[in-house]
Every structure is written in structure tokens, then in C-alpha cells.
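Chain naming here is simple, since letters A, B, ... match the order of the sequence lines and numbering starts at 1 in each. Remember, it's a predicted structure, so these values are computed and weren't measured experimentally.
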Amino acid sequence: VLSIKGNKLSVFPISGLKWVRDLMWLDGPLLSEYVHPHGDRFLYCWSDCNAKATRWMVMRVAEQTILRLANGMLPLDFVITRACQDDFVYFIDVLAGTRKDTEIWLSRVEDVPPEYLPQKGVFLDEAEPAGDGTYTVLLDESWNPTDLFVLPKSFEQAYSFLHAHLQLQVPTLEKLPWRGGFSSMHFDTWVRRTIPSQDRLGVDKVMVASPGFIRFKADDETAGHVAQCVLNVSERPAARATYDAVTDFIKKNIPQTDTLTQIDWPTIDPRLIEYTNQLARDIGAINPGRLLASVRTPFEAVQILRWFYRRLHPMVGFHRAQKLTFTTERP
Amino acid sequence: MKQEMHLIFSMHGLFACIIGDFGVQLKYQAQIDEVVDCPPEHASPQSCDAFRFVHSNLQHENNSTPTALIDPSIYPPNSNLHCDSWTLSFFTTQEAAVKKFNASLRARPRLRERIGDHLAQGRIEEKDGLCTPTSRHGHFSLHESVAFDFHSVFSMIGPIPGAVDQGQ
């Protein structure tokens, strides 16, 4: 191992660090994230080894920086050691064959050997999610209070529906009457109440900065589906085209809510089933067969999909404006 | 993974062991029983060509040893061994392996000290264990069966192209 320029310490002065996840792995961890009980984040960077010891470089780094690193938005050399929040790093030599520290140094950032620094332009490619029951959305630009209210609200509505549909597989979805206003609000409330309280989306942490993030308490699989639906609508014109076509079809063929009994349903139901399949496919995540089986009529299925599409729309707008990035999307 | 109890005859007599759905007896079954969801449900027997990073001496024992058994200091303090700790890493193509190695070397320039800078090639058969699905970067992990012998299957290709020019 290389010689270190720094002050030797008798003990590692930070206690209580808890492993969060490995950010780089190749036959063992190369870069791992830790959290201190006070919330500070630390990176353990595998740096060197020989027959006697493995050397780790430890530095304090802002959580939003680690999130961006893990999401492939920042190259490694922007973080090690440029994003170190202190003027120093620690080097820990762990005795080979044990997990016991043998030597610890405090070293100034500028004294870190160049052999321990990443080259330019290296991005992490397969960092695992934290798997801790949270899901993080990165906030990329300045956010006003209204937007900060809208984002968690629309995320929660979409998340609750997908959780009910995909995880709970609720057999009967509440009847959704035809037009917006009170009926849609009623459905919002019903969907949320369908979720057991311990499974409901919560906000774990919000950091509004440039850049910042919002971390939800969530099932990361369902949250990932919400993100994928937003991306599908944001990046593909098909979903918008189908939504507009469905809306136009409803306006022409189902003009009034109080004349529903006069409508020739056997004639238009097959088209509504086609639209249900098409819109579910365009949005993603939703199983159209299960959806159709959980409602009384194809009209209800297509209305629920239209409701879901509208709940995604604020997030689609934020994504298109590059104001947010989902941690499950790759740049 | 759903498991079944089988009776096995061995030179030590009759004993019971646990064999997975695929009838593959894993080399480190007792250890991975301590790890949640290990091997992952989607791991399965595969038959494919495989490439692995090795030290220049192909007989180096680390070449065929899961990281959990190589050296505990490979893991940072207060972290836990996990399922991958009991596997061997492979790539499905030489190109994928070289690309990953050089990218990793650019990230951690002293990496060759840990995993070597040579490449070995062999063929993994279904009897050799359970493979995780191949990642988009061509990587998969093998949970070795008791029958798998790395050194009898894998042969040295040589130094990894590009590795010699970097990080020295």
C-alpha cells in the first residue's frame, strides 16, 4: 500500500456509522454509503490492499450528492474527493483476515495520493437502491411552494392507486362516476383509504436546495412503477394521443351523465375495452384485464385510467421541465 | 427459494441435506441459509461461456473463492455479508468483462491489487450451480454447486487489454 501523508490517530473518531448500501461492487464492495445517527452521510472508498491490510478512505459527503452519484448524474471524480464536506479524509487500514482497524490517519484532502482518486468521467452504472422502504425523487431546479405541494400530492394519488391495483389487487374498485369535480375527489379519497395505514405513502425527508430531493416512505417497487408511468407519458406521445382520443370518444358518445341509461352500451363497450387496453399499455404498469375485472363496466375502467393519467400529469410537467429526476431512471 | 429435503449417501454415511428446486446442491448452502432471500428466486442453472477476472497465477486461491471467504477486511467496517458475498462474478463475453474492468480501474485505480488484472475463460454448465440473471452489462453471479471446480474448467486468456496502461 502507498504511504500516507497525515496525522496518525489512535482511534477512529466517528462512532455509530450504519451501513446503507454498496454503490460500487466488483467481487466485493468498492464504494459504500454509511449514515451517522445525526444524519450525516459518509462514503467508504476501497483504496488499496496488500497481504497485510485493506485500506479504506472515509469522507463526509452531502446526501444529495450521493443520490446524484448513485443515479449516474455525477461522475465519481466530482465526489471523490471534490465533494468531501471537510478539509480532510480518514484512511483506515483494516488488518487482513479480520475486521479490526490497525492504523488510522487524518489526511488533508490535497494530500490524498493521486492513485486513490478516480479518473475523470467515471459514472456508477448499477448502484442498488437503498432497499430501506424509501423512494427518492431528485429536485433539480428551484421549486416554489405550490409545486412542492403538488408533487407529493400527485405522487401519493398515483402511488395509492398502483398499490391498490398491483400489490393489494383490490377485487372491486369503487365506482367512479363520469366527470371530474366531486366524483374524482371521492375516488382520490377512496383509493387512499384502501391502503392500510402502515403502507400509505409518507414523506420521510425534504431537502429543498439546488439541487435537493424529496424522500418518500414507500414500497420502492410501487414507487418505481409510478416513476415509470410518468416517464412513459412524458417521453412517448402515444399516451397523450390515446388519452385525447378516449376523451373525444366519450364527449361524442356519452354526452351527459344523466342520460346514461339511453346510451347504446353494447355498441360502444367494445371500443371502450379497446381504449382501456390501449391506454393501460401506453401508460404502463396497469394490468388492463385485472382493471376490467374489478369494475362493473368498461366505461368505469376507461374513466379510472383517465383519472390516473390526470394524476400523473403534474409530475409529467415537472419531468419535462427537468425539475425532477426519479432515482430509478438512468440519464 | 423453495427447498426440498433429500437423503444423500456419501462416504461419511447417510445424511440429509437441503437441495433447491433445481436439484443443485450448493457449496455454501449452510452459510447462505443465514442470508435472507439467498440465492435469489430468479437464480437458475445456466449453460454458457463465462469470463472471470483472475490474478496472473491462475492457481491463486482467491480466483476461485467467494469474497466472503477471501478476507473479511474486503468488507468495510460494520457492513454485513450479503448474498453476492457467496458467489463468484462472471461475464458472458470478453468484451463485457474488459469494459467493466477498465471502467472499474478508472474508478479505483489500485483495483488490480485486489482482483488481479488477467482474464480467464471457461464454460459453466447447468450442474455447476445457480446463475443470477445477466445484467445489462453482461455480468452474472454464480452460486457454485458442490460439483463445480473452477480450476478444472477455466483457463487463462491473459492480461486484460488496457489494464496495463492504467493506474500504474
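- Taken to the nearest 0.5 Å, the SG atom of A:Cys49 stands 8.5 Å off from the CG atom of B:Asp71.
- Across A:Tyr34, A:Trp46, A:Phe42, a single residue satisfies side-chain contact (heavy atoms from CB on, under 4.5 Å) together with B:Pro76, and that is A:Tyr34.
- Within the 4.5 Å cutoff, no side-chain heavy atoms of B:Arg106 are placed close to those of A:Pro118.
- With a threshold of 4.5 angstrom between heavy atoms, A:Val58 does not approach chain B through any atom at all.
- Taking OG of B:Ser85 as the reference point, atom CG of A:Asp22 lies at 8.0 Å (rounded to 0.5 Å).
- Residue A:Leu31: no heavy atom, backbone or side chain, is found under 4.5 Å from chain B.
- At distances below 3.5 Å, not a single donor-acceptor pair connects side-chain atoms of B:Arg110 with backbone N or O atoms of A:Glu115.
- Heavy atoms closer than 4.5 Å to chain B are found in the backbone of A:Leu95, but not in its side chain.
- You'll find the side chain of A:Leu26 reaches within 4.5 Å of the side chain of B:Lys100, heavy atoms only.
- Taking the centre of each ring, A:Trp25 and B:His139 stay at or above the 6.0 Å mark.
- Taking every heavy atom of both residues into account, B:Glu113 and A:Asp48 meet most closely at CG-OD1, 4.0 Å.
- Looking at A:Tyr116 and B:Pro109, their side chains never come closer than 4.5 Å, going by heavy atoms from C-beta outward.
- A salt bridge links B:Arg52 with A:Asp27: at least one charged nitrogen is closer than 4.0 Å to a carboxylate oxygen.
- Using a 4.5 Å heavy-atom cutoff, the side chains of A:Trp56 and B:Ser73 are not in contact.
- A:Met24 CE to B:Leu111 CG: the interatomic distance, rounded to the nearest 0.5 Å, is 7.5 Å.
- For B:Ala103 against A:Val122, the heavy-atom pair with the smallest separation is O-CG1, 3.9 Å.
- Proximity of A:Pro29 to B:Ile74: side-chain heavy atoms (C-beta onward) are separated by under 4.5 Å at one or more points.
- Between chain B and the residues A:Asp77, A:Thr54, A:Val94, the most heavy-atom pairs under 4.5 angstrom are made by A:Thr54.
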